[in-house]
Amino acid sequence: MTELAEAPAASDAGAADPRWAREALLTMYRIRRFEEAVDDLFARGMMHGTMHLSIGQEASATGVCAALAEGDLIASTHRGHGHCIAKGADLLPMMAELLAKDSGYCRGRGGSMHIADVAKGNLGANGIVGGGIPIAVGSALAQKLRGTGAVVVCFFGDGATNEGAFHEAANLAAIWQLPVVLVCENNKYGMSFSTEKSMHVATVAERAAAYGFPGVRVDGNDVEAVFAAATEAVARARSGGGPTLLETMTYRWKGHSKSDKNLYRTREEIEQWRADDPIADFEAKILDAGSLSVEDLEAVRTQARDEVRDAVRRSMQAPDADPRAFLADPAAAVFAAPLGSHVAGAPAVEPHGLGTALDATEESK
Amino acid sequence: MTELAEAPAASDAGAADPRWAREALLTMYRIRRFEEAVDDLFARGMMHGTMHLSIGQEASATGVCAALAEGDLIASTHRGHGHCIAKGADLLPMMAELLAKDSGYCRGRGGSMHIADVAKGNLGANGIVGGGIPIAVGSALAQKLRGTGAVVVCFFGDGATNEGAFHEAANLAAIWQLPVVLVCENNKYGMSFSTEKSMHVATVAERAAAYGFPGVRVDGNDVEAVFAAATEAVARARSGGGPTLLETMTYRWKGHSKSDKNLYRTREEIEQWRADDPIADFEAKILDAGSLSVEDLEAVRTQARDEVRDAVRRSMQAPDADPRAFLADPAAAVFAAPLGSHVAGAPAVEPHGLGTALDATEESK
Amino acid sequence: MTATVEHSNGTAAPAAFGYVAGSAPADATAGERVITYSEAVREAMGQAMAADDRVVLLGEDVGVYGGAFGVSGDLHGRFGGERVRDTPISELGIVGAGVGMALSGLLPIVEIQFSDFTCQAMDQIVNQAAKIHFMLGGAAHVPLVLRAPGGSGTGAAGQHSQSLEAWFAHTPGLKVVMPSNAADAKGLLLSAIDDPDPVVVLEHKLLYKTSGPVPVEPVRVPIGKAAVPRRGTDLTMVATGVMVSRCLEAAARLEADGVSASVVDVRTLTPFDAETVLGAIDETGRALLVQEAPRHVGFMSEVAARIAESESLYRLLAPVKRLCGLDTPIPYAPQLERSVVPQVDDVVAAARALAVVG
Amino acid sequence: MTATVEHSNGTAAPAAFGYVAGSAPADATAGERVITYSEAVREAMGQAMAADDRVVLLGEDVGVYGGAFGVSGDLHGRFGGERVRDTPISELGIVGAGVGMALSGLLPIVEIQFSDFTCQAMDQIVNQAAKIHFMLGGAAHVPLVLRAPGGSGTGAAGQHSQSLEAWFAHTPGLKVVMPSNAADAKGLLLSAIDDPDPVVVLEHKLLYKTSGPVPVEPVRVPIGKAAVPRRGTDLTMVATGVMVSRCLEAAARLEADGVSASVVDVRTLTPFDAETVLGAIDETGRALLVQEAPRHVGFMSEVAARIAESESLYRLLAPVKRLCGLDTPIPYAPQLERSVVPQVDDVVAAARALAVVG
Ligand SMILES: Cc1ncc(C[n+]2csc(CCOP(=O)(O)OP(=O)(O)O)c2C)c(N)n1
Ligand SMILES: Cc1ncc(C[n+]2csc(CCOP(=O)(O)OP(=O)(O)O)c2C)c(N)n1
Ligand SMILES: [Mg+2]
Ligand SMILES: [Mg+2]
């Protein structure tokens with residue numbers, strides 16, 4: 001079994017730790033600038049499809065992924081750019097994917113709702129609300145059976161907790177005590193339907209009571225608080241203590257998707273939440289703690305801006321996904337190419353205690 | 001709106017009330033004798049398909065249905081003979097159905113897993129675990145919208161609570177505060193998988209916490225206790241207080257179905273539960289209370305036995321479901337016949353506050 | 001992509017299986033105006049709800065939001081939240097609730113945001129709604145309408161772009177309609193609401209914003225009748241959904257080249273109007289069967305099979321030709337997305353090739 | 001209803017799409033013995049599990065109970081509860097878990113007790129398992145095996161008797177097999193476990209107790225190859241699942257009357273072996289297409305369509321004939337149940353009628 005890199009201990013981490021603070025802030029800026037660029041490209045008609053932006057929610061993805069070690073995995077959602085970036089994806093193939101380029105993560109076949117970076121341990125965004133939860137749980141079962149020591153985090157929204165998929169998967173995670181953290185990013189709405197209306201309990205976290213594992217609610221706009229709660233949940237998962245339902249309270253500044261006219265919420269509510277900007281809040285804490293200077297923060301902003309600009313510029317120049325190549329052999333896109341081993345899509349973790357392939361065994365007969 | 005018959009007040013009811021005691025005992029005996037006859041017919045190769053018997057669970061169906069008023073509805077399960085009988089179905093068309101007769105409740109098309117007696121307010125058994133729960137919730141929404149005052153009870157097993165259907169339906173019932181009682185008959189196993197293994201909480205009742213309505217566990221082999229708990233839940237539902245999850249603890253004496261070799265449970269466990277026979281227990285209470293005599297009890301037994309014998313004898317003589325008639329126009333069996341009104345399948349309760357049909361309105365234009 | 005009027009003159013003739021609407025139809029030619037497909041759907045729902053309190057609409061974001069595609073629009077404002085009911089994201093639960101409502105005296109319309117999410121609700125659609133009437137020996141029926149938009153062309157990728165009509169058509173107990181224009185969107189939906197059986201209404205995302213003449217009155221288009229919006233002599237195109245307008249456009253272009261094509265709009269997949277469809281094929285002896293869904297075991301396989309097992313076979317002047325979506329999921333990139341489903345150019349090319357074979 | 005040996009001699013030839021088993025196959029004729037179909041399925045799973053620790057089985061009651069149809073039997077005893085894993089009643093959850101396991105280095109086999117309950121899991125089957133490889137541009141694949149028994153004949157009524165293969169065959173990204181005899185039950189399952197893509201294996205309840213010769217060694221039957229267990233001259237029966245043995249029995253009876261029939265066992269619905277199937281039809285010029293599933297938009301519609309759009313059309317001596325299940329749910333009463341799906345007598349009658357047409 002591959003030794004997993006140690007996650008930073010919670011005690012070191014936070015605004016006071018310059019290295020940690022810089023990383024966390026950079027990640028949040030990368031997410032924001034990336035999505036602002038997407039919003040802009042979309043508005044200018046240069047991007048296809050629809051987009052679900054997580055602007056305003058950056059602290060949740062960032063704090064959770066900061067608690068993960070190399071080899072740990074995530075499963076993401078339709079609102080997944082932030083998760084993907086926080087888990088270490090490259091901005092260039094992400095942007096290239098959204099711009100329908102052959103060099104995109106999915107070669108233009110998936111787009112925003114299906115971006116995955118399997119090598120980095122992102123099992124993929126998912127266009128289906130709740131669709132990733134059973135998959136994450138199955139991956140956690142595989143980690144347990146294979147003894148990899150890896151933890152799987154599953155992101156989903158508040159609305160997803162009303163799907164049967166959430167219930168079935170949470171129950172499986174509980175009975176098998178799997179190394180999984182169920183992260184519910186509660187932004188108060190499933191599209192237009194508020195959590196007050198969509199459930200008759202006050203918090204998503206208390207739904208954990210139905211499965212017998214801890215449910216924890218945390219300020220999802222406070223990257224340190226998210227990190228601390230996630231670190232605890234990840235440690236529980238890794239040590240065999242089973243799942244946690246972690247509810248991060250946050251808010252999306254933008255509409256649900258491109259078709260949203262914001263009829264179901266008030267301008268005041270939006271303004272109030274925008275005032276609780278996770279990035280500005282964290283910058284204030286950093287400056288308070290004195291770990292980084294104003295110039296340091298400016299450098300982070302510049303870096304994020306430049307990285308995103310670069311990703312846009314370079315992917316604009318990249319060749320489009322090519323229908324001719326695609327049409328030459330569509331079945332090759334649908335079915336897996338011949339493989340020496342079935343193990344693909346798995347993180348770069350060696351199987352543990354698992355034998356050789358059937359074929360090899362047969363040969364030895 | 002039709003006035004609903006008053007349910008017997010809980011205070012009158014119980015072993016001490018001769019009328020109530022006799023009714024409840026008769027219902028339990030009807031169920032048991034009916035299912036013993038089914039078991040026998042099946043063993044003798046005279047019955048087709050598979051059978052899920054509720055022998056040992058009679059108090060649950062009986063106590064719950066005793067708490068219902070005329071016009072109230074139930075949705076049932078694969079293990080549904082007891083519910084059907086307790087809700088007032090005739091034994092003859094039930095037995096005829098199982099014997100594949102044209103005079104069966106479903107004209108031989110449904111069999112054990114689909115028996116319904118819509119006129120009596122039984123929306124039907126269901127071959128799909130959890131399948132009836134959303135349907136019951138929808139029916140409860142219709143009762144609420146139509147202002148009928150009717151309550152809907154949904155029966156399901158412990159295993160069903162692991163299905164997404166349970167979760168989604170329970171949540172809908174909660175947010176809309178519907179007049180529905182979710183009755184989980186916990187017989188400790190979903191087929192072979194024990195509740196200890198299939199969930200990581202000690203009781204099904206506590207799953208109600210995820211939806212914000214009461215969860216109540218009761219001795220499901222004590223018909224008086226079931227009745228009392230159901231009466232409270234039904235009253236809550238009828239008065240606008242919303243759903244209740246009622247968990248009745250019981251046990252099935254027979255195997256899950258015909259293929260069961262009972263490998264997953266011990267003889268001792270079965271014996272122990274058989275010693276807690278809901279019928280014998282209730283008889284002892286009746287005799288203790290002195291409300292009925294030994295001869296009275298004997299008369300109840302004889303009546304149940306005779307009714308079942310009669311149902312078997314008469315349905316044996318009834319004409320088989322006829323494939324020729326069926327084949328002459330299969331579409332007529334698949335799609336509804338022309339109807340003056342769409343309202344069929346609904347209990348005999350007048351619509352309330354609902355207008356006339358589109359057609360009528362158009363005519364008046 | 002313009003909707004046509006020729007095949008929208010539905011009358012409330014008896015639908016298949018003997019169900020007859022209770023009143024004489026309004027005259028279809030009177031009082032038409034041009035509105036969009038999505039307005040037509042909304043108008044049908046509004047007229048039905050105004051006329052009959054039993055009609056209710058439920059679905060995700062159908063309320064204040066007005067529907068993911070804006071179809072329910074102002075209905076929430078007009079009829080209130082009890083009858084135009086927002087639901088949590090629980091497709092299985094809400095279709096099941098629709099079944100229960102339909103069994104209990106209401107006439108529910110359930111909107112599924114994208115037809116792909118019927119996957120979540122298949123148990124209630126297939127094992128419950130479709131079978132209850134049959135399994136109960138006729139003792140109950142399920143007047144449920146399930147509306148869901150299918151199809152590709154909006155860049156929504158594999159999980160939001162499927163054309164799943166073949167599944168539903170293959171499920172005994174369901175009626176399945178695919179309106180291809182605004183008038184049918186209204187008329188078929190009215191018939192679906194009228195119908196005592198569960199009806200799956202597959203709308204199309206790309207059609208929502210297209211316009212066509214639609215009667216003001218609640219004129220039903222009967223379930224079980226195909227339409228023939230164009231008659232030609234050289235070949236017959238049989239199409240469903242968005243492919244109908246593509247075929248009509250292709251036919252117009254082909255005419256300039258001297259190729260004369262009939263276009264048949266299947267409209268109702270179950271019950272299937274074999275008489276009209278095969279009749280139109282017999283007239284030309286050449287059949288081009290066009291659907292957006294993947295070819296393998298799709299609805300046009302059935303149309304081809306009906307030809308192959310009937311007298312129509314002997315009237316064929318060339319082998320049947322299917323023009324379908326590729327057997328792949330729908331990709332995201334616009335250039336790829338377009339390439340996997342038939343476009344007007346593809347129809348023209350296939351028709352030209354077919355017209356000269358044999 | 002006896003299984004036949006002629007078409008069970010599968011060899012591990014390269015399957016479609018270039019996937020090649022890693023080792024040379026054992027000689028299929030060596031070391032056969034007669035076992036039941038369900039023993040053959042169990043043997044395939046046992047051999048795969050013994051050979052490769054990544055292979056795991058999960059499903060409802062597959063453990064101590066031994067499976068609803070006794071298929072997993074002693075595997076729990078042999079491999080323990082970690083690898084032969086009982087699950088709660090949560091089809092969506094467990095298929096999803098299978099997808100996650102398949103993405104994370106394991107080779108899961110998920111058993112669904114009755115294929116009808118795939119309705120609960122359609123999202124994970126169709127929107128996830130089938131599409132992930134494609135949507136991710138090839139960055140991951142899903143080596144998931146889904147085993148589920150379909151079919152009628154046991155009195156289990158409408159919700160436990162369906163034949164749903166057409167849905168899966170119509171879903172790009174799934175491979176779909178229907179073993180009709182014990183040897184194929186083993187050999188196709190071994191290939192499915194080997195396969196890097198999701199494979200839906202539709203077993204049949206009535207076949208579980210039938211027996212046939214099965215190789216002792218883990219001999220794969222390639223996915224993508226039809227079998228022709230019988231060759232005749234007057235007509236060609238094309239069948240799936242339990243209908244293969246009914247056709248073979250019918251063919252034997254017809255021989256006595258001087259009617260000589262070929263029987264084709266489709267075996268793999270996706271990828272479909274058009275060459276073998278159409279080739280066998282071409283030889284006789286008469287096609288009788290036999291399936292248990294309802295006719296409307298079923299798998300045999302596709303076979304008919306392939307004929308209608310190919311050169312085979314010109315070789316037909318009579319219209320194609322489909323003999324299918326009625327377009328109804330399966331009723332409970334045995335006499336009704338038998339009447340809605342083709343029986344041997346029906347095949348004989350249809351074949352006789354077809355042999356004289358044209
Ligand atoms: C099964 C399913 N149902 C509905 C949708 C349409 N839809 C996409 S996102 C969304 C809202 C999801 O809400 P939530 O889970 O809270 O996530 P958020 O969008 O707030 O991040 C809906 C209804 C979908 N994609 N999948
Ligand atoms: C969706 C679905 N999955 C599986 C089955 C097979 N099955 C029938 S009954 C049963 C066990 C149900 O357990 P429970 O809900 O506790 O009810 P009980 O049988 O104990 O009364 C199972 C697994 C089914 N009928 N439907
Ligand atoms: Mg949300
Ligand atoms: Mg149980």
Side-chain angles (χ1 to χ4, degrees), chain B residues 73 75 104-110 114 116 118-119 123-124 126-128 131 133-143 145-146 152 164-165 168-169 171-172 175 331-340 342-347 349 351 353-363 365, chain C residues 16-24 26 47-48 50-56 82-83 87-88 90-108 120 123-124 127-128 132-143 172-173 175 190 193-194 196-197 217-218 271:
Chain B
L73 293 111
Y105 268 119
C106 310
R107 307 195 57 201
R109 292 166 193 166
H114 304 294
V118 177
L123 291 169
N126 208 310
I128 299 296
I133 315 178
I135 296 174
V137 165
S139 179
L141 177 55
Q143 308 311 323
L145 285 176
R146 296 174 57 205
V152 184
E168 296 188 14
N171 189 52
L172 296 181
I175 61 170
V334 177
F335 292 111
L339 292 167
H342 296 303
V343 185
V349 177
L354 291 169
T356 47
L358 180 63
D359 300 329
T361 309
E362 268 176 57
E363 267 163 43
K365 270 182 195 157
Chain C
F17 309 111
Y19 185 71
V20 184
S23 66
Q47 288 179 340
D52 191 331
D53 282 357
R54 296 173 303 172
V55 180
V56 295
E82 293 282 291
R83 293 185 65 201
T87 70
S90 308
E91 291 80 9
L92 179 62
I94 64 182
V95 176
V99 174
M101 294 164 90
L103 284 172
S104 301
L106 297 182
L107 301 175
Q120 265 75 357
D123 179 62
Q124 289 292 335
N127 288 332
Q128 314 292 344
I132 284 176
H133 177 72
F134 179 90
M135 293 190 309
L136 268 53
H141 67 284
V142 183
K175 295 173 181 169
L190 285 168
I193 296 169
D194 263 4
D197 294 306
E217 293 291 306

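Proteins come first, then strands; the chains are lettered A, B, ... in the order of their sequence lines, and each starts at number 1.
Interatomic distance, CG of C:L106 versus OG of B:S139, reported as 9.0 Å (0.5 Å rounding).
Among the candidates C:G138, C:A97, C:G98, the residue making the largest number of heavy-atom pairs closer than 4.5 Å to chain B is C:A97. Comparing B:G104, B:A333, B:G124 by heavy-atom pairs within less than 4.5 Å of chain C, the highest count is held by B:A333. The candidate with the highest count of non-hydrogen atom pairs below 4.5 Å against chain C, out of B:V152, B:L172, B:V137, B:I175, is B:L172. Comparing C:T87, C:I94, C:L92 by how many heavy-atom pairs each has under 4.5 Å with chain B, the most go to C:L92.
Checking side-chain atoms of B:R146 against main-chain N and O of C:S104 turns up a donor-acceptor pair under 3.5 Å.
Between B:N171 and C:P88, the closest heavy-atom pair is ND2-CG, 3.9 Å. Nearest heavy-atom pair, B:L123 versus C:L103, reported as atom, atom and distance to 0.1 Å: CD2-CB, 4.2 Å. Closest approach of B:G131 and C:D123 over heavy atoms only: CA-OD2, 4.2 Å. Residue B:V118 comes nearest to C:A140 through the heavy atom pair CG2-CB, 4.1 Å, listed as atom of the first residue, atom of the second, then distance. Annotation for C:P172 and B:V334: closest pair C-CG1, 4.1 Å, computed over non-hydrogen atoms.
Heavy atoms closer than 4.5 Å to chain B are found in both the backbone and the side chain of C:E82. In this structure, chain C has no heavy atom under 4.5 Å from any part of B:A136. There is no contact between B:I133 and chain C, counting heavy-atom distances below 4.5 Å. Heavy atoms closer than 4.5 Å to chain B are found nowhere in C:Q120, neither backbone nor side chain.
Side-chain contact between C:Q124 and B:I135: present, with at least one pair of heavy atoms (C-beta onward) separated by less than 4.5 Å. Side-chain contact check for C:H141 versus B:F335: every heavy-atom pair is 4.5 Å or farther apart. Contact of the C:R83 side chain with the B:L145 side chain is not registered, since no non-hydrogen atoms from C-beta on lie closer than 4.5 Å. Here the side chains of B:P134 and C:V95 are not in contact, with every heavy-atom distance at 4.5 Å or above.
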